[in-house]
Q: 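First the structure, then my questions, so here it is.
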Amino acid sequence: MQSGMIRTSLAVIMLVLVVTSLYSSVALAEYNASVKLGLLAVDGATGNGIVVDAWLSVRSPGSGQVELEPSDLVEESTVLSTRVAFYLASIVNGLNPRLFDIHVLFETDSPVGGPSASGFIAAASLLALRGLIPDNTTTMTGMVSLTGFILPVAGVSDKVAAAKAAGYKRVLVPLSEASNTTEGIAVEGVCTFEEAASLLSDNYALGTKTSQLSQQPPGPIKSREAEFRQHAELFIEKASQLLDLLPRNETRYVIEMLLDKARNILDNSPYSAASMAFMAFYMAASSVAMEYGFNYLEEKTGLSLDAVLANASSVVEARLQEFSGREICGLWGYEALAAASVRLYLAEHAADSDKPDVRVLALLRALSAESWARLADPDYGPMVSCSLLGRAAEFFVDYMQLSYNYIRSIVGHVLFNIPMPDDRDVSAWISDAKRSLDEGNYPLALGLAVYVISSLEESLSHGARLPASCIDSHVMFLEEVSVLGSGSSLPAALVLEYALGYGDYIENVTKNPLLRESLEIDAITWLLHSLTVEALTADIPAGSQTVSVAWSNYYLLGITVEAVALAVIGYSLAVISRRARAEEV
């Protein structure tokens with residue numbers, strides 16, 4: 001009773017504060033920042049490293065335009081990578097990128113292509129939006145990912161040599177390329193664009209609230225985590241029923257290990273227990289369905305796919321109606337509804353498959369949709385304008401399309417086909433997300449966008465082989481810059497609890513070395529959503545500010561080309577399907 005009153009009081013206080021901020025007058029001020037960048041490239045004609053001078057200008061008021069010149073020389077991959085870079089810099093700074101215009105002028109008369117300058121542009125934009133002056137003795141190369149990692153690019157050794165010849169004292173490169181040393185110039189590896197910004201300016205601090213990620217969600221989230229207990233117990237029970245049908249092999253051993261662990265952590269971490277039992281049930285049920293048929297599995301477990309789907313659909317629809325017509329909504333309840341909606345979507349599309357393992361995933365996803373829907377309370381979490389959440393969903397769908405176009409532009413003429421868990425191409429998911437927006441189903445649109453962006457980002461990070469410490473530091477940074485506070489995203493907090501507390505154990509048991517990384521990237525994408533919600537409430541800093549910085553004192557004559565230096569990542573686009581990655585509720 002007392003805890004309920006406390007939560008209610010906190011919700012009321014949050015409501016008053018948020019409504020006051022949302023409906024206060026917005027005073028837009030003029031803001032101009034201009035920075036000269038020495039961009040590293042490889043001359044397509046000679047293969048030599050070169051430096052291309054470019055002016056990056058950010059101004060407001062604006063309308064979100066990104067303009068690169070000379071427009072007839074700049075290729076699509078450079079335009080799209082610049083859009084991604086500026087989106088990330090704006091959101092992390094708590095600013096709406098649609099209130100700014102960005103202009104990049106390349107001082108060259110040769111073609112400009114590739115994403116290798118996007119990490120530099122992201123870091124420089126992060127500084128420019130804060131009026132910070134970067135170090136004019138440092139330059140950088142590296143491709144920015146969809147959430148802010150700096151990924152490997154080609155020709156690093158040639159670029160470092162060019163930077164030295166141009167008089168630079170230091171070059172920032174993707175972490176995996178830090179071994180490309182050249183005498184007479186410092187080479188430092190970076191794994192994120194915020195880390196790069198901190199090295200480019202002593203005045204940009206990454207934050208020091210904590211030295212490591214917390215494995216426990218914030219109290220208000222932890223108190224509702226018990227909602228997952230019922231399905232955790234159900235998954236444990238049903239998986240256990242199937243054990244006798246399985247041969248005594250490695251698969252059965254893994255299932256038994258997962259079930260034992262799920263039972264042990266059920267009281268302390270219901271969500272993690274449910275996710276672990278979900279995986280065990282999926283493995284057991286898939287084996288049985290493949291051997292005896294899906295109908296036999298339904299009979300053995302007493303779970304009918306049609307009935308479970310109908311129930312999940314009813315629960316999700318009822319929750320959706322509770323959000324309808326409201327002016328103020330709980331952020332966490334809304335995110336839970338988005339998570340429930342995308343799981344139901346996956347279940348419905350997978351249910352028509354003739355593949356037994358896919359139908360098993362449909363059954364489990366329908367059950368997990370019901371679990372998430374229980375948390376979809378419109379009064380749960382920080383209270384924000386419901387229309388704002390709709391705008392954030394629209395923004396995220398736009399960013400999903402941008403992300404898709406970005407990767408496609410890099411792949412070029414290679415067959416671009418990304419199968420999703422229901423065996424349709426990702427473009428079908430994007431179309432469905434846009435259709436959901438048109439129909440006013442913002443939670444489903446958001447859920448689809450988060451899923452697709454996270455999937456695309458995983459294909460990049462897995463290929464780049466980012467170290468765990470790099471991913472951990474990025475999560476900590478995004479949590480710290482969130483104005484709503486650490487753990488401000490409900491799905492992110494729960495997924496991180498699972499990843500950090502039990503990811504290493506599951507990787508050891510299942511021999512899947514990428515599971516923890518995948519979970520953390522899901523969390524990162526959800527954190528970007530909460531930051532987007534915050535950024536869309538912000539206006540431009542008061543007062544007119546102008547920053548004019550000459551990045552390099554060295555002007556090079558006869559610059560020829562910013563070559564197409566594609567990221568050396570080995571995109572695993574053709575194997576992005578999560579059908580076998582049934583790792584979380």
Side-chain angles (χ1 to χ4, degrees), residues 3-4 6-8 10-11 14 207 209-232 261-262 264-278 329-340 343 368 371-384 446-447 450 454 471-506 515-531 533-534 583-585:
S3 61
I6 293 174
R7 287 197 299 270
T8 302
L10 289 174
M14 282 296 300
K209 285 199 310 184
T210 180
S211 59
Q212 62 182 8
L213 284 165
S214 172
Q215 294 184 9
Q216 291 296 320
I221 291 178
K222 187 67 179 176
S223 65
R224 296 288 298 272
E225 190 181 0
E227 297 285 355
F228 291 96
R229 185 183 183 98
Q230 179 178 336
H231 276 116
K261 191 69 170 181
N264 291 335
I265 67 173
L266 185 58
D267 291 334
N268 294 327
S269 303
Y271 175 80
S272 297
S275 296
M276 210 173 299
F278 180 106
C329 295
L331 174 62
W332 294 342
Y334 173 82
E335 288 182 325
L337 181 56
R343 283 159 175 76
S368 66
S371 284
W372 279 101
R374 291 177 181 175
L375 287 175
D377 180 348
D379 293 316
Y380 180 38
M383 305 303 291
V384 299
L446 172 62
V450 169
S454 177
I471 299 174
D472 287 350
S473 67
H474 196 39
V475 175
M476 282 191 289
F477 170 75
L478 293 176
E479 284 190 327
E480 290 192 13
V481 297
S482 173
V483 179
L484 293 176
S486 179
S488 60
S489 168
L490 171 71
L494 292 175
V495 170
L496 282 174
E497 178 192 29
Y498 181 40
L500 300 175
Y502 310 101
D504 292 340
Y505 172 83
I506 297 170
L515 186 136
R516 173 172 167 167
E517 178 179 319
S518 297
L519 290 170
E520 287 193 63
I521 288 173
D522 284 344
I524 286 170
T525 310
W526 277 111
L527 284 170
L528 283 179
H529 169 253
S530 66
L531 289 169
V533 171
E534 189 65 33
E583 80 297 335
E584 60 174 299
V585 166

Q: Sequence neighbours left out, what passes side chain to side chain contact (heavy atoms under 4.5 Å, CB included) with Asp504? Give chain and number order.
A: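 Testing Asp504 for side chain to side chain contact (heavy atoms under 4.5 Å, CB included), a comparison that skips the adjacent residues, returns Glu507, Arg516.
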Q: If we only count heavy atoms from C-beta on, is the Tyr498 to Val585 side-chain gap below 4.5 Å?
A: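 Counting from C-beta outward, Tyr498 and Val585 never come under 4.5 Å.
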Q: Let's go through Leu375 and Glu335 carefully: what are the C-alpha distance in whole Å and the side-chain angles of both, what is the deciding distance for side chain to side chain contact (heavy atoms under 4.5 Å, CB included) to 0.1 Å, and is it a yes or a no?
A: CA-CA 9 Å; Leu375 287 175; Glu335 288 182 325; over 6 Å; no
Q: When you measure from the side chain of Tyr380 to the backbone N and O of Pro220, does any donor-acceptor pair fall under 3.5 Å?
A: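 Looks like yes, one N/O pair under 3.5 Å.
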Q: Kindly compute the distance separating CD1 (Ile265) from OH (Tyr505), expressed to the nearest 0.5 Å.
A: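 Atom-to-atom, Ile265:CD1 and Tyr505:OH are 9.0 Å apart.
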Q: Do Ser489 and His529 have side chains that get closer than 4.5 Å, going by heavy atoms?
A: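 Sidechains of His529 and Ser489: no contact.
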Q: The criterion is side chain to side chain contact (heavy atoms under 4.5 Å, CB included); which residues satisfy it with Ala340, sequence neighbours excluded?
A: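 For Ala340 the side chain to side chain contact (heavy atoms under 4.5 Å, CB included) partners, ignoring immediate neighbours, are Val316, Trp372, Ala373.
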Q: Can you list the residues that meet the side chain to side chain contact (heavy atoms under 4.5 Å, CB included) rule with Thr525, with sequence neighbours excluded?
A: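 With neighbours one apart ignored, the set is Thr147, Phe396, Val450, Ile453, Ser454, Ile521.
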Q: Mind checking salt bridge (charged side-chain N to carboxylate O under 4.0 Å, His left out) for Lys222 and listing every partner two or more places apart, or none if nothing turns up?
A: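 Partners of Lys222 by the salt bridge (charged side-chain N to carboxylate O under 4.0 Å, His left out) criterion, ordered by chain and then number, come out as Glu225, Glu497.
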Q: Can you name the residues that form a side-chain hydrogen bond (donor to acceptor under 3.5 Å, both in side chains) with Tyr502, not counting sequence neighbours?
A: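 Counting only residues at least two positions away or on another chain, Tyr502 forms a side-chain hydrogen bond (donor to acceptor under 3.5 Å, both in side chains) with Ser269.
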Q: Let me confirm one number: the CZ-CG distance from Arg224 to Leu490, rounded to the nearest 0.5 Å.
A: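 Reported to 0.5 Å precision, the distance equals 9.0 Å.
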Q: Within this structure, what is the CD-CG distance for the pair Glu479 and Leu527, rounded to the nearest 0.5 Å?
A: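 Here the interatomic distance stands at 5.5 Å.
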Q: Say you draw a straight line from CG of Leu496 to CG of Asp522; how long is it, rounded to the nearest 0.5 Å?
A: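 It comes to 9.5 Å.
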Q: With the side chain counted from C-beta on, respond yes when Glu520 and Leu500 share a heavy-atom pair under 4.5 Å apart, and no when they do not.
A: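 Answer yes - side chains close enough.
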Q: Measure the shortest side-chain to side-chain distance between Ile471 and Ile524 over non-hydrogen atoms and say whether it is less than 4.5 angstrom.
A: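 Counting from C-beta outward, Ile471 and Ile524 do come under 4.5 Å.
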Q: Given 3.5 Å as the limit, does a donor-acceptor pair link the side chain of Glu227 with the main chain of Arg374, or not?
A: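 Such a contact is absent between Glu227 side chain and Arg374 backbone.
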Q: With sequence neighbours left out, write down each residue that passes salt bridge (charged side-chain N to carboxylate O under 4.0 Å, His left out) with Glu517, or none if nothing qualifies.
A: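 Scan of Glu517 (salt bridge (charged side-chain N to carboxylate O under 4.0 Å, His left out), adjacent residues dropped) gives none.
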Q: Give the ring-plane orientation class for Tyr271 versus Phe228, where under 30° counts as parallel, over 60° as perpendicular and anything between as tilted.
A: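 Perpendicular, since the angle between the ring planes exceeds 60°.
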